[in-house]
**Student:** 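One structure coming up, written as structure tokens, with questions to follow.
Computation of the quantities below employed the complete heavy-atom set of this structure, encompassing side-chain atoms and omitting hydrogens, waters and symmetry-equivalent molecules. A note on names: the letters A, B, ... follow the listed sequences, proteins ahead of strands, and every chain is numbered from 1.
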Amino acid sequence: MTTTFGKGHHLHLIDGSAYIFRAYHALPPLTRKSDGLPVGAVAGFCNILFRYLERNKSGDAPTHVAVIFDHSSKTFRNDIYPAYKANRPELPEDLRPQFPLTREATRAFNIACIETEGYEADDIIASLSCKARDAGGAVTIISSDKDLMQLIGDGVNMLDPMKNKLIGPDEVFEKFGVAPNRVVDVQSLAGDSVDNVPGAPGIGIKTAALLIQEYGDLETLLARAGEIKQPKRREALVDNAEQIRISKRLVQLDCDTPLDFTLDSLEVRQPEPDILMGFLNAMEFRTLTQRVANSLKVAPPPAPAMVVATGTPDADAGAAPAAALPFDHASYECVRDADALAAWIALIRERGHVAIDTETTSLDEMRAELVGISLCVVAGRACYIPVGHKQGGGDLFGSTDLMPGQMLLAEVLALLKPVLEDDAILKIGQNMKYDAKIFARHGVTVAPLDDTMLMSYAMHAGLNAHGMDALSDKYLGHSPIPIKQLLGSGKGQITFDRVPIDEAVKYAAEDADITLRLWELFKPQLHRARVTTVYETLERPLVPVLAAMEMAGVQVDRDTLSRMSNAFAQKMAGLEDEIYQLAGERFNVGSPKQLGEILFDKMSLPGGEKGKTGAYATGADVLEDLATEHELPGRVLDWRQLAKLKSTYTDALQDHINPETGRVHTSYSLTGAVTGRLSSTDPNLQNIPVRTEEGRRIREAFVAPKGRVIVSLDYSQIELRILAHVADLPAMKQAFLDGHDIHAMTASEMFNVPLEGMDPMIRRQAKAINFGVIYGISGFGLARNLRIPRAEAQGFIDRYFERFPGIREYMNDTIAFAKEHGHVQTLFGRKIHTPEINAKGPGAGFAKRAAINAPIQGTAADVIRRAMIRMPAAIAGMDAKMLLQVHDELLFEVAEDAVDALIPAARAIMEGAAAPAVHLSVPLVVDAGRGANWAQAH
DNA sequence: GGGCTCACG
DNA sequence: GACGTACGTGAGCCCG
């Protein structure tokens with residue numbers, strides 16, 4: 001049938017990856033109508049292929065053709081030079097899922113589709129060119145990539161598809177000033193900032209070409225570099241010879257890429273109309289479907305077909321609308337051997353993404369042991385890989401024998417690691433920080449990732465919860481198997497490793513299935529809700545940063561805490577004796593109910609007010625008022641302070657010291673607060689005492705190991721600065737610009753008193769008002785806070801509004817915005833929903849104040865998030881770790897000799913964190929402290 | 001498990 | 001005109 005490739009044959013090599021990027025950037029972000037799948041790049045790619053085929057119908061048609069793709073961004077060149085192509089911007093979010101579709105498109109056009117792991121498309125093109133040329137055939141490389149120009153000559157030329165212009169040796173000389181066979185030499189010298197090829201500093205293409213022209217080739221030039229007259233050029237070459245040689249290895253294309261096919265297999269084939277039309281129709285490209293139908297002289301298929309043609313028939317289920325597909329627990333697969341896992345990995349590679357979930361023995365990621373991993377690539381089709389299920393479901397002796405029929409964890413991880421770390425495969429999870437930490441403890445860095453919980457949060461903060469059960473219920477109309485059903489609850493609760501494997505398969509695979517379906521649903525919604533930037537710049541990139549902080553943990557000294565606990569216990573016992581004496585009887589001081597009865601019934605102290613539950617209020621404010629009447633309330637207050645410190649801090653904190661690391665590992669919730677703030681749990685390290693002297697001493701237990709110090713950097717008055725900016729308060733802005741005491745300035749402005757020698761009481765009142773404004777001030781609240789008559793408080797507020805008219809405007813505008821849109825937003829576009837804003841009754845008051853506060857608190861939260869995301873790169877070279885975040889403070893552990901470098905670097909990141917997205921009209925100022933422990937550093 | 005109290009920003 | 005109110009969190013304890 002065919003003769004072997006050789007003389008008279010003409011091979012076209014199409015640079016597919018370049019086409020994808022061009023198509024992506026040339027077209028608006030198209031999505032498939034039926035399900036919102038991004039397909040803009042696929043559409044452009046198909047158009048280019050179609051036009052290419054049409055053009056070849058007339059004229060110089062090739063006999064053989066292939067489209068070549070980059071397999072992933074990591075290649076053998078990264079082993080030579082890790083920074084190679086390291087400064088490439090991250091792939092656009094909506095492009096990655098289109099990669100596999102462009103492969104499908106190529107196959108649908110019946111064109112050979114080629115990629116090889118570890119090699120760039122350019123290397124495969126080079127190898128094929130050499131092979132074809134050596135066989136005596138002609139080659140045309142269809143690309144405008146200058147890196148391919150080194151291949152030109154001897155029957156190999158290039159075609160720039162943009163300009164439809166042939167590139168031969170003359171055009172190469174025009175660009176590089178040398179013949180094609182010396183292009184590599186010029187590139188090695190000139191380097192390339194786009195690909196991060198270093199080259200020789202100060203030498204560009206012009207100079208490089210002159211040098212090569214003069215000396216002939218690179219090796220001769222390097223050998224005789226000492227003869228160069230210009231001192232700068234001479235030094236650049238002599239000092240950087242090694243770097244230049246590395247550059248050469250980076251730009252030199254590899255002509256020996258392994259190829260597992262023959263040139264003959266690339267022979268031009270006509271598209272199969274059914275397959276091509278089926279694909280185009282499934283992608284819902286109406287115009288192109290019609291045009292291709294005309295060209296192939298066939299009838300276009302009936303419009304919306306819901307099934308995407310994919311490489312394997314198995315994957316077809318994925319095209320049905322995810323939400324509508326029922327959940328079939330029986331269909332989930334249990335993966336028990338390497339072959340089965342390999343099949344899943346092949347499917348993952350084909351699709352370019354995978355939903356993943358881990359099952360473990362604990363919610364504490366630092367102690368949890370991996371029990372199983374579930375994967376889902378296509379809605380409705382998921383698997384579970386058990387690795388740590390144990391015999392004898394929950395017997396008393398805690399048998400440690402593994403159940404038979406499980407793969408070895410090490411083997412599973414070895415197979416999955418390349419997938420989990422592959423740049424080109426998106427890993428999707430619900431609360432991925434958890435799973436990423438589990439994998440990180442096994443030496444696997446999961447990236448890139450998407451997180452359905454964070455997507456939900458970016459879209460719907462303030463509207464609903466973002467846990468898997470809530471999301472599945474709301475969006476998929478499906479209640480997942482409750483974990484209680486497997487583990488039980490209370491005393492008899494078992495851990496996941498004791499769950500029978502067939503039960504675990506259903507539960508675990510379902511979670512991955514749900515996650516994938518949510519992702520398919522949320523992906524296009526993110527764009528429509530206009531929170532893609534929020535998600536991509538403020539949510540997702542924080543995941544690895546927080547994971548690293550949590551895993552690092554903070555060293556807490558058990559002895560210090562233990563000694564404090566003992567001291568507190570003694571003091572409390574003494575106070576209890578006094579309290580019993582004063583009360584005339586023994587009772588439980590910790591019981592507000594009993595205390596209320598003693599104070600107000602037995603002792604008949606004034607002001608006993610019962611709340612809605614019928615109990616007397618005995619809060620600190622009530623007891624403080626009563627302290628003037630009697631000694632007992634004061635003692636109770638003292639006792640309560642100690643009880644709090646002991647139970648919540650000095651006792652509980654000790655239980656959180658990880659026995660393996662000797663450190664305390666908190667867990668941050670990215671979705672814990674509606675405003676964008678983080679929250680901290682298990683333990684909460686964002687509320688360690690500081691306001692009282694006794695409490696502050698607990699921070700002495702947060703220490704740095706020998707040779708290291710604790711460094712604290714905190715934003716000064718960040719919320720007030722943001723308020724001054726958003727409400728446009730010129731006087732306040734000026735005070736910040738001048739570095740003045742902001743509360744004193746406020747007092748001076750309001751009460752017409754000079755700054756010099758100001759009464760501290762006046763300043764205190766002004767400070768309370770400043771904070772009140774941030775919280776959505778009310779006369780009642782301010783009156784209570786300052787313990788002044790309500791009318792007086794209202795007078796303060798009126799005067800404040802008079803002096804800072806921007807405030808009232810900001811409040812009114814914000815509430816009006818919330819009423820109209822149902823949400824407010826931060827300067828960075830984070831949306832906080834306010835569903836109660838139009839409610840009647842007292843709820844409306846809450847909603848209004850929350851609406852006023854949210855943009856300010858939320859903007860401050862966004863600022864420190866941005867700083868945290870940039871921090872790892874900024875301190876990369878230093879022996880320093882970021883450990884904790886407390887809303888406006890970042891805590892670091894730093895080697896003593898690195899402190900002087902860290903502080904200015906971290907401060908610069910924090911102070912500049914708003915830019916360039918937002919230009920604040922007020923400077924952000926960061927204060928720094930250092931010491932052996934947190935108390936000293938603060 | 002809800003309510004109270006109190007630690008933080 | 002009355003109602004109830006500072007904004008955002010998490011944890012430990014009591015008590016039903």
**Student:** Identify whether the distance between the nearest side-chain nitrogen and carboxylate oxygen of D638(A) and K571(A) falls below 4.0 Å.
**Tutor:** no
**Student:** Using a heavy-atom cut-off of 4.0 Å across all strands, would you classify A860(A) as base, sugar-phosphate, or nothing?
**Tutor:** nothing
**Student:** Would you mind telling me which of dA6(C), dC7(C), dA11(C) lies closest to the side-chain atoms of N785(A)?
**Tutor:** dA6(C)
**Student:** Categorize A783(A) for me: base, sugar-phosphate, or nothing, with a 4.0 angstrom heavy-atom threshold over every strand shown.
**Tutor:** nothing
**Student:** Tell me which residues in residues 582-599 of chain A put a heavy atom below 4.0 Å from DNA chain C, sorted by number, or none.
**Tutor:** N588(A), G590(A), S591(A), K593(A), Q594(A)
**Student:** Can you say whether the rings of W934(A) and F702(A) are parallel (under 30°), tilted (30 to 60°) or perpendicular (over 60°)?
**Tutor:** perpendicular
**Student:** How would you label the contact of G845(A) with the nucleic acid (heavy atoms, under 4.0 Å): base, sugar-phosphate, or nothing?
**Tutor:** nothing
**Student:** Any idea which of dT9(C), dT5(C), dG10(C) is nearest the T681(A) side chain?
**Tutor:** dG10(C)
**Student:** Would you mind classifying the nucleic acid contact of N687(A) as base, sugar-phosphate or nothing, using non-hydrogen atoms under 4.0 angstrom?
**Tutor:** base
**Student:** At under 4.0 Å between heavy atoms, what does F846(A) touch on the DNA or RNA strands: base, sugar-phosphate, or nothing?
**Tutor:** sugar-phosphate
**Student:** Roughly, in whole Å, what's the span from CD in Q885(A) to P in dG9(B)?
**Tutor:** 12 Å
**Student:** What I want to check is whether the side chains of T666(A) and S680(A) have a donor and an acceptor closer together than 3.5 Å.
**Tutor:** yes
**Student:** So, is S679(A) near the phosphate of dG10(C), with a side-chain N or O under 4.0 Å from OP1 or OP2?
**Tutor:** yes
**Student:** Taking C-beta and beyond as the side chain, do Y668(A) and L542(A) meet within less than 4.5 Å on heavy atoms?
**Tutor:** no
**Student:** Roughly how many Å apart are dA6(C) and dC6(B), using the P atom of each and rounding to a whole number?
**Tutor:** 15 Å
**Student:** Could E749(A) and R803(A) be called an ion pair, given the rule that one side-chain N must be under 4.0 Å from one carboxylate O?
**Tutor:** no
**Student:** Between dC7(C) atom C1' and M811(A) atom CE, what is the distance in whole Å?
**Tutor:** 11 Å
**Student:** Give the rounded distance in Å between these two atoms: CG of L678(A) and C1' of dC8(B).
**Tutor:** 14 Å
**Student:** Between dA7(B) atom C1' and L685(A) atom CG, what is the distance in whole Å?
**Tutor:** 12 Å
**Student:** Using a cut-off of strictly less than 4.0 Å between a heavy atom of the residue and any atom of DNA chain C, enumerate the qualifying residues of residues 626-646 of chain A by number.
**Tutor:** K644(A)
**Student:** At under 4.0 Å between heavy atoms, what does T648(A) touch on the DNA or RNA strands: base, sugar-phosphate, or nothing?
**Tutor:** sugar-phosphate
**Student:** Under 4.0 Å between a side-chain nitrogen and a carboxylate oxygen: does that hold for D728(A) and K733(A)?
**Tutor:** yes
**Student:** Taking only side-chain nitrogens and oxygens of R849(A), does any of them come within less than 4.0 Å of OP1 or OP2 of dA6(C)?
**Tutor:** no
**Student:** In whole Å, what is the span from the CZ atom of R865(A) to the P atom of dG9(B)?
**Tutor:** 19 Å
**Student:** If you look at every strand shown and take non-hydrogen atoms under 4.0 Å, does R696(A) touch a base, only sugar-phosphate, or nothing?
**Tutor:** nothing
**Student:** Applying a 4.0 Å non-hydrogen cut-off, can you work out what A620(A) is touching in the nucleic acid: base, sugar-phosphate, or nothing?
**Tutor:** sugar-phosphate
**Student:** Taking pairing as Watson-Crick or G-U wobble with both contacts under 3.5 Å, can you name the mate of dC4(B), or confirm there isn't one?
**Tutor:** dG12(C)
**Student:** Starting from the 5' end of DNA chain C, give me the residue, I769(A) or Y649(A), whose nearest nucleotide shows up first.
**Tutor:** I769(A)
**Student:** Among I722(A), L720(A), D714(A), find the residue that satisfies the side-chain contact (heavy atoms from CB on, under 4.5 Å) test when tested with I718(A).
**Tutor:** I722(A)
**Student:** dG3(B) and dT5(C): how far apart are their P atoms, nearest whole angstrom?
**Tutor:** 14 Å
**Student:** Under a 3.5 Å cut-off for both distances, is dA2(C) Watson-Crick or wobble paired, and to whom?
**Tutor:** none
**Student:** Base, sugar-phosphate alone, or nothing: which one does I688(A) contact when heavy atoms must sit under 4.0 Å apart?
**Tutor:** sugar-phosphate
**Student:** Below 30° counts as parallel, above 60° as perpendicular, anything between as tilted: where do the rings of F771(A) and H743(A) land?
**Tutor:** tilted
**Student:** Under 4.0 Å, counting only non-hydrogen atoms across every strand here, what does I774(A) touch: a base, just sugar-phosphate, or nothing?
**Tutor:** nothing
**Student:** If you only use heavy atoms from C-beta on, which nucleotide in dG8(C), dG9(B), dA11(C) is closest to the side chain of V886(A)?
**Tutor:** dG9(B)
**Student:** Please pick, from dG8(C), dA6(C), dG10(C), the nucleotide with the shortest atom-to-atom distance to any side-chain atom of R784(A).
**Tutor:** dA6(C)
**Student:** Picking from dC6(B), dG12(C), dC7(C), which would you name as closest to the side chain of Y775(A)?
**Tutor:** dC7(C)
**Student:** What's the closest nucleotide to the side chain of D888(A) if the choices are dG9(B), dT5(C), dA11(C)?
**Tutor:** dG9(B)
**Student:** Check step by step if side chain to side chain contact (heavy atoms under 4.5 Å, CB included) holds for T618(A) and R640(A).
**Tutor:** CA-CA 11 Å; T618(A) 66; R640(A) 275 200 186 154; 2.8 Å; yes
**Student:** OP1, OP2 of dA7(B) versus side-chain N and O of R691(A): anything below 4.0 Å?
**Tutor:** no
**Student:** Can you name the nearest heavy-atom pair linking S565(A) to D651(A), along with the distance?
**Tutor:** OG-OD1, 2.6 Å
**Student:** Looking at T618(A), I'd like to know whether one of its side-chain N or O atoms comes within less than 4.0 Å of OP1 or OP2 on dT5(B).
**Tutor:** yes
**Student:** Just how far, in rounded Å, is P of dG8(C) from CG of N684(A)?
**Tutor:** 17 Å
**Student:** Under a 3.5 Å cutoff, is there a donor and acceptor pairing between the side chains of N770(A) and T746(A)?
**Tutor:** yes
**Student:** Of the options dG9(B), dT5(C), dA7(B), whose atoms approach the side-chain atoms of R677(A) most closely?
**Tutor:** dG9(B)
**Student:** Is the closest side-chain donor-acceptor distance between T560(A) and D557(A) under 3.5 Å?
**Tutor:** yes
**Student:** Given atom CD1 of I722(A) and atom P of dG9(B), what is their separation to the nearest angstrom?
**Tutor:** 17 Å
**Student:** Could you check which of dG12(C), dG9(B), dT5(C) has an atom nearest any side-chain atom of V690(A)?
**Tutor:** dG9(B)
**Student:** Have a look at F892(A) and tell me which of L884(A), I903(A), I710(A), L713(A) forms a side-chain contact (heavy atoms from CB on, under 4.5 Å) with it.
**Tutor:** L713(A)
**Student:** Rounded to the Å, how far apart are L782(A) CG and dC7(C) P?
**Tutor:** 13 Å
